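In this chain, residues are counted from 1 in sequence order. Given the structure is predicted, the values throughout are model-derived calculations rather than measurements. The figures here come from the full heavy-atom set of this structure, side chains too, leaving out hydrogens, waters and symmetry mates. In each ligand, atom 1 is the first atom listed, and ligand 1 is the first ligand listed.
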Amino acid sequence: MNKSDSERIAAQLEKQGHQAAQKLAEADLIVLNACSVRQSAIDRLYAKINQLKTKNSKLKTILTGCLLKKDREKLKNQVNELWPFCDFSIKPKYQSLKTAYMPIMTGCNNFCSYCAVPYTRGPERSRPAKEIIKEVKDLVKNGCKEIILLGQNVNSYNNVILSEAKNLAANSKSTGSFAKAQDDKLKGVSFPGLLRILNNIPGDFQLKFLTSHPKDMSDELIETISQSKKIAKEIHLPIQSGDNQILKKMNRGYTVSHYKNLIKKIRRKIPEVKISTDIIVGFPTETKKQFQNTAQLIKWAKFDSAYIARYSPRPGTAAAKLKDNVSNDEKKRRWKILQDFLDKNKNGVAKRTK
Ligand code: SF4
């Protein structure tokens with residue numbers, strides 16, 4: 001998402017008459033596009049800005065991206081300008097002609113307790129399907145072979161519009177404008193519906209998407225992936241923890257058994273599927289037993305790949321109010337146990353078929 005934002009920032013700068021510098025020393029303006037997923041990335045920004053200014057005192061610095069209000073306040077005097085998020089009306093300057101990252105929505109309404117995104121990117125907003133379809137058609141026409149649809153939770157694409165349309169339809173039965181409600185509903189095509197439309201665009205290209213949320217992964221979506229030739233058989237489905245109590249504290253909205261049922265269903269419908277996941281170890285109050293539940297889940301699921309993160313508090317989130325009581329050494333130990341297991345068991349698909 002950050003990379004995609006940068007492509008729109010680059011397009012905006014070019015529109016203003018700027019040209020990309022080949023070396024940092026040649027630049028007279030630099031845009032720092034922040035990412036708030038980890039506090040360490042934000043902490044490094046302070047040093048980075050100072051380092052840039054020392055090297056080139058005439059450099060104009062602009063800061064934008066995924067930043068908490070508190071960090072914006074702290075950093076605003078260190079840069080020349082602060083920019084809001086680059087909006088979707090700007091056509092991106094794609095860095096690659098073969099692969100395009102295309103946001104279909106931004107923001108998030110889920111408020112997982114450890115995550116800063118709902119505070120930095122705000123509430124979930126979906127781009128109109130019409131705009132996305134046109135952009136995909138243009139990319140394919142220009143030879144793009146791989147389009148990666150992006151959203152914090154792509155499974156809930158247009159959910160806000162869909163529920164509004166439903167309410168409108170319910171109310172309008174009594175007011176007599178049912179036909180109008182049906183028109184409005186058309187505006188709110190769901191994620192599986194959007195995928196089917198994109199799958200039908202002629203051309204030789206593949207569609208991928210990131211990220212799915214286990215609580216919103218519908219049977220319709222699984223069916224659509226299995227039936228659509230152009231959709232890659234790859235699903236990134238973050239579990240985060242294999243323990244129900246920790247999942248509850250993370251405010252993830254599903255249980256381990258819900259997740260396991262999803263995996264079973266996906267593999268039944270799409271036997272060649274590759275499933276990857278995200279895991280956080282050392283979440284506040286996570287006991288050794290609770291960590292073991294995550295380790296067992298990983299062994300059971302035989303993921304094709306997994307990204308394991310050691311928990312670090314993000315100021316302003318609900319989890320940051322909990323005592324970060326798992327020591328760094330213990331977080332490292334838990335991380336290593338899972339990473340070693342994954343390294344030894346690469347290619348889960350091959351192992352599954354044995
Ligand atoms: S679903 Fe949860 S982890 Fe993902 S962006 Fe939203 S709040 Fe963050």
Worksheet item: Checking Tyr259 side chain against Ser241 main chain: does a donor-acceptor pair fall under 3.5 Å?
Response: no
Item to complete: Provide the full list of ring pair (Phe, Tyr, Trp, His ring centres under 6.0 Å) pairs with a residue in residues 90-118, sequence neighbours left out, each pair given once.
Response: Phe111-Tyr119
Item to complete: Apply side chain to side chain contact (heavy atoms under 4.5 Å, CB included) to Lys70 and list each qualifying residue two or more places apart in sequence or on a separate chain.
Response: Pro315
Worksheet item: Among the protein atoms near atom 2 (Fe) of ligand 1, how many are N, O or S and lie under 2.8 Å away?
Response: 1
Worksheet item: What do you reckon, are the aromatic ring centroids of Tyr254 and His213 less than 6.0 Å apart?
Response: yes
Discussion item. Within the 3.5 Å criterion, strictly below it, is a donor on Asn153 or Asp216 matched to an acceptor on the partner's side chain?
Written reply: yes
Practice prompt. Do me a favour and list the nearest non-hydrogen protein atom to atom 3 (S) of ligand 1 with residue, atom name and distance?
Written response: Tyr114 OH, 3.5 Å
Worksheet, complete the sentence: The complete set of salt bridge (Lys or Arg N to Asp or Glu O under 4.0 Å) pairs with one or both residues in residues 80-96, sequence neighbours excluded, reads Glu14-Lys93, Lys60-Glu81
